[in-house]
Structure formats: structure tokens, C-alpha cells
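Below you'll find the structure, written out as C-alpha cells, and then a few comments.
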Amino acid sequence: MARKILLEKIDIPGIQEYEVYRKNGGYASVEKALKTMTPDDAVEQVKASGMRGRGGAGFPMGMKWSFIDKKSGKPRHLVVNADESEPGTFKDRFLMHHIPHLLIEGAIVSSYALEANLSYIYIRGEYMWIFKILEKAIKEAYANGWLGKNILGTGYDLDLYVHCGAGAYICGEETALIESLEGKRGNPRIKPPFPAVSGLWGEPTVVNNVESISTVSWIINNGGDEYAKIGVGKSTGTKLMSASGHIKNPGVYEIELGLSMEEFFHSDEYCGGMMDDRPLKACIPGGCSVPILPPQYLFKTANGDDRLISYESLADGGFITGSSLGSGGFIVYNDTACIVRNTWNFSRFFHHESCGQCSPCREGTGWMDKILYRIETGQGREEDIDLLWSIQSQIEGNTICPLGDAASWPVAAAIRHFREEFEYHVRFPEKVKDRNHFVNEPMEKVRHLLSGSIASL
Amino acid sequence: MKQTINMSDTLMARINELLSHYPADKKKSAMLPVLHAVQDAHDNWLSLELMDKVAEILEVTPIEVYEVVTFYSMFNQKPIAKYMLEFCRTACCGLRGGENLMDYTCQKLGVKPGEITPDGMFSVVGVECLGACGFGPMLQLGDNYHENLTKEKIDTLLEDCKQGKVNLY
Ligand SMILES: Cc1cc2nc3c(=O)[nH]c(=O)nc-3n(C[C@H](O)[C@H](O)[C@H](O)COP(=O)(O)O)c2cc1C
Ligand code: SF4
Ligand code: FES
């Protein structure tokens, strides 16, 4: 059995309840930190752990914490990012649902390290039932003296609340999230200033993902160095993977970073291989924003090394032959899936979710949505494929927040690795009229049709 | 469309509790939670009058509330069906048959996506990924998720709604 940190206690009956959680060692990290460590000691432990933010970007958490402005004397805040809206990702919800106190405990210790006295958990509005679970857990934490004034008689005060969003993917971006928490539209801010200097209400703020904060208690209890021993290289610790699509066992799995892709994919402990034993066509390893990979680059890098689930290995080859660990949203496609349809689906998503502040993103996502729809429904033109390529390349890097990039990368990767599918759609419009075209006739069966006409490209 | 506004004691108590989560001079921060509470207590939609009421409570100008309501997808500016079936239309659910199930439900109810049945009971809408990708296909009804859907499960759910057995919140 693999090493577990976050899901270790998940099967204990009643672990959602405060009493059971406490009996099983819960809140020990709060006692340890508040009674035996200074806030800066706690930051040092997190630094030593090498833990990297689990929200998608993989930025070292200890380093981010050390940027928080403690000198200005302004009030500081921790904001936990529970917006979880990246298609393919459902791990934070799983954690909060099954072991809510782990997040509350982590948020208390983290707030202490940041010397914050007022912190929030920002949860997406659709997770209303989890909002209620967290509200209850927070109430229990107050009732048992883990929150409020003079916690454990140490003189440390902390108020923690859960705040709900109302349906907007962009509010997962940290500055949009802060705007939203201030009661405004979720328009990302121009950085700098970074939230660590000027965040919520202009005050120093750290935003971290649910999974990141839920890990902090283990690091405090066991030491940053112990944490750093788990994993591989600069990918320390464990990671939650959300697995979905055409696999036998969809679900949330905790893996030790560095696990081989082969094992994660095929082992019955994890994905269990392909649903109905159909052929694998493609896989997105880290949520819909990261490049899709064809099978030959999923299990091996371009150099022929085994592909591992780690930040470095998944990025090996850059975006040409690699991808990114992202949020750990692992989406698997068999031969009945249509890559064009999938790309259109994601483009429509980004178009829908663009906040509209910058024209390359606002116009570009709309344009890509329209063109991809046209191609998918058999109304595409030969030149549309190059047009798509050109649009995506002009969005990337030219926007206020990374949503623009996130909208570009999936389109670029799909064209790069699956150009023949786009061509097939354009050349044989009558064959793609039915949206289940590859269910009826997978690409393998129709590829030969393309070979005769490829020269004219 | 006129909306009957009822700022009941229970609702006001909830609003006051929500306001207590933010510094006294940062009332505007309670905007989203307060709008949720108010909308839930008013048949799941927000008329202009109701938004003005929220502006008054939060001590902000009405435009600040309109700006927010129009930005977020969970706020409804028109009356909606009693049972709004929100199907995830994003790719992972699609791989597991989401699109076919949404079509099935539309046909069964005789509506197109976005339309309300003539009796005002049901509507079917497509929404973006709800964080249930491994348990798809799925739909949201009120606060609840219905996952690993099949035609049979949808038949039962619709029947339960008709018999008033389904709680939205
Ligand atoms: C468009 C967009 C959406 C994002 N959505 C989320 C999200 O839902 N959850 C999350 O934790 N981070 C999300 N992020 C990343 C956050 O901006 C931020 O980097 C993260 O919360 C930091 O936490 P971490 O360092 O613990 O990963 C998103 C970023 C972008 C650009
Ligand atoms: S890149 Fe898109 S989502 Fe981000 S700020 Fe610009 S318009 Fe808004
Ligand atoms: S794709 Fe349907 S819940 Fe995520």
C-alpha cells in the first residue's frame, strides 16, 4: 500500500465528526505549533518540506509564506482556495467532505504561521452542501477552543469563516478570488502588487489551495525534513489525483509523487486500466488547462525514460512532448472520444468563464469556440486549423491573468498531436454530422481516407 | 415580473450572522453569501426590488449589487422552474454519456435546454463542470448533487419531484 498523508484516516468511521477526529490525533499540530513554536519556526518547517502549492501552479509554499508582509503592521489574512472549478478536478471537495477538520486544523496552524487573525475559506457556491459541513466543523472548533480569542491560553486570536462564491471559474484565480471576497465581480487584478503585500482589503494575504493547507498539520507534527523525504527530487510529498473519463475506477487517489504513470494507470489500486478494455487514445494529466498527451508520450518521455507523476517528469519535453501536473485532474480518453469535440468543449468553457477584461482573452476564446464548433459539426474549412493555431498563439502571454494561457494550451496541444482528426473533420463533413462519429467508426477505421489527400495540404 | 419580498425574521437573523463574519466597515464583503440567502428565501430569483433591498442592507449603491448579480451564474434575474435540473455539460461527464442523458431528460419533459415546462415545474439547463467529474454523468438540483446518473435514476428523480419528495436545500 502506498504512503498516505491526507487520506490516511479517511476510512475511520465517523472521522467527519469532531470527537472522532480529535480522538485520532486531530488538532495536535495546533497544540504543537502554538505552544512550542514561533510563527517563523512554523514557516521554516513548511519551507523545509519543499511542499509545492497544489492548486495548479506548483509554487513552493514556504517561499510564498515568507513573502507575506509582516513589517507594515497591517492585519494579515490566510484565504484558503476551495473554488475548485478546473474541469477534471474534484479532490478538494473529496477531502473537505470526508475529513473536514483536517482543513480547519491546517488553516489554524497556517494562520498562526502567517500571524493572521482573520482568515477565510472561499468555497465555490455549487459546493453548498460542503459549505454546510465546513460551517459545522468550524462551529465545533470554536466550541472546543481551537478558534476565537486566546487560543489554548497562548494569547493567539483567530477567527475563521467559510465564504461562498456563486458560480465563476475565474474566482479560482487568486486575485479574482480576493475581489470576489470583497463583494465584487471576479475580475483578476494586475500584479504586482502581489497579494502577499496587498491582498484582501489591501492587506497582506496568502492564498493557498485546500490540499496545500490540509498538508500543513502533518508537516508541523512530523517535521518539514520528514515530509521532504517523501516523493522524488523537488516534487516532495504526496498528491491527490482526481481520475475521470474512460477508466475502470474513476475517483480520488493519493499517490506519492514519483509514482510511475504505468502503475497509476494500470494498477487496480488506482485507475485500473481502460474501461471496457478499449484502446487508449489520449490523456490529460493535470486538469483541462494543461496539454493533452497521446499514448506514446504518456508512459514515456520523448527520451524514452519512464514518465513519472511528478512536476518535473510530466513537464519533460515542455509543451511539445510533455504536459504538466497542474491540479492533478487526470482525464482519460478511449478511441470513441473525439479530440475535436473535446477541444471545442473546453474552448466553450473558457469562453464562458472569461471575465472579459482583456481583449485577447475575451475575443480570442469566443473566436476559438466558434471555429471549433464549426469544425466539429462538419462546417469547417481547411484554413480553420491554421487560423486556430494563430489565434491561440496570440492569446498566450498577452493577458492579465493566466486564464488566457489556459485557454490556449489545450487548443495548441490538440492540433499538435491530433491534427489528423481536425483534417478528417474538415474533409469529411458528412461523416462527423452525428456527434457520436467516433463511437460508430473510430479514427483507426477511417484514417486511411486521409492518406490519399494529405499531399494537397 | 413582480416579486413578493419577505425579509422574514429567520432570513434577517441569517443575514446578521453572515455580516458578523466580516469587519464592521467591510459589509460589502458579505455580498455573495447574503445574495445566496436572500435568493434561497425568494423562490430562487432576484428581482430589481430585491437587489435594491440587499443594497440597503449592505449599505452599498444598487449598481454595486447589479454588477455582482449579473456576473455570477448562480444568481437568477428571472423566475425559474421549481425544479431546475442543472446538467454538467463539460467533457468528463460527456465521456460518460452526459450529453445523451441531458437529451433524454429534455425529450421526456418536452423542453429544450433553458426552457421551462408549461406547469412551471421543471427546466433543464447545461452548466459547466461541477467538480464531480469522476462520478459523472451528474446533475445538480438545488443544493444537491445527483451522480453516476442513468436513465432509470432520472426517471425516479422526476417522479420524486412530482410527488414533492425532493428537498432543494
Ligand atoms: C483561471 C484560474 C483558475 C484557478 N482556479 C483555482 C482553483 O479552483 N483552486 C485553486 O486552488 N487554485 C486555482 N488557481 C490557482 C490560484 O490562482 C492560486 O495560484 C492558488 O490558489 C495558490 O494556491 P497553492 O499555492 O496552494 O496552489 C487558478 C488559477 C487560474 C489562473
Ligand atoms: S485573461 Fe481572461 S479571465 Fe484573465 S483577466 Fe483577462 S479576460 Fe479576464
Ligand atoms: S466534467 Fe462534469 S462534473 Fe466535472
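Note that the coordinates shown come from a computational prediction; the quantities given were computed from them, not determined experimentally. Chain naming here is simple, since letters A, B, ... match the order of the sequence lines and numbering starts at 1 in each.
- In this structure, A:Y127 and B:G131 approach most closely via the heavy-atom pair OH-CA, 3.5 Å.
- Looking only at heavy-atom pairs under 4.5 Å with chain B, the residue among A:Y169, A:W201, A:F349 that has the most is A:W201.
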Audit row: B:K28, A:E179, salt bridge (charged side-chain N to carboxylate O under 4.0 Å, His left out) steps and yes/no:
CA-CA 11 Å; B:K28 185 173 174 179; A:E179 286 283 301; over 6 Å; no

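- Chain B forms more heavy-atom pairs under 4.5 Å with one residue of A:R435, A:R341, A:H352 than with any other, namely A:R435.
- The minimum heavy-atom distance linking A:G165 with B:L32 is given by the pair CA-CD1, 3.9 Å.
- In this structure, no portion of B:E86 lies under 4.5 Å from any heavy atom of chain A.
- Annotation: A:K433, atom NZ; neighbour count of heavy atoms from other residues, nucleotides and ligands within 6.0 Å is above 12.
- Annotation for A:H163 and B:Y22: closest pair ND1-OH, 2.5 Å, computed over non-hydrogen atoms.
- Contact count against chain B (heavy-atom pairs under 4.5 Å) is highest for A:S180 among A:S85, A:S180, A:S242, A:A337.
- Classification of B:K27 and A:E182 as a salt-bridged pair fails, no side-chain N sitting under 4.0 Å from a carboxylate O.
- A salt bridge between B:E147 and A:R93 is present, with a side-chain N of the basic residue lying under 4.0 Å from a carboxylate O of the acidic one.
- Proximity of a side-chain donor or acceptor of A:H246 to a complementary backbone N or O of B:R96 within less than 3.5 Å is not detected.
- The main-chain N or O of B:A91 is found under 3.5 Å from a side-chain atom of A:N345 such that the two form a donor-acceptor pair.
- At a 4.5 Å heavy-atom cutoff, the contact between B:Q140 and chain A is made by side-chain atoms alone.
- With a 4.5 Å cut-off on non-hydrogen atoms, B:H21 touches chain A through its backbone and its side chain both.
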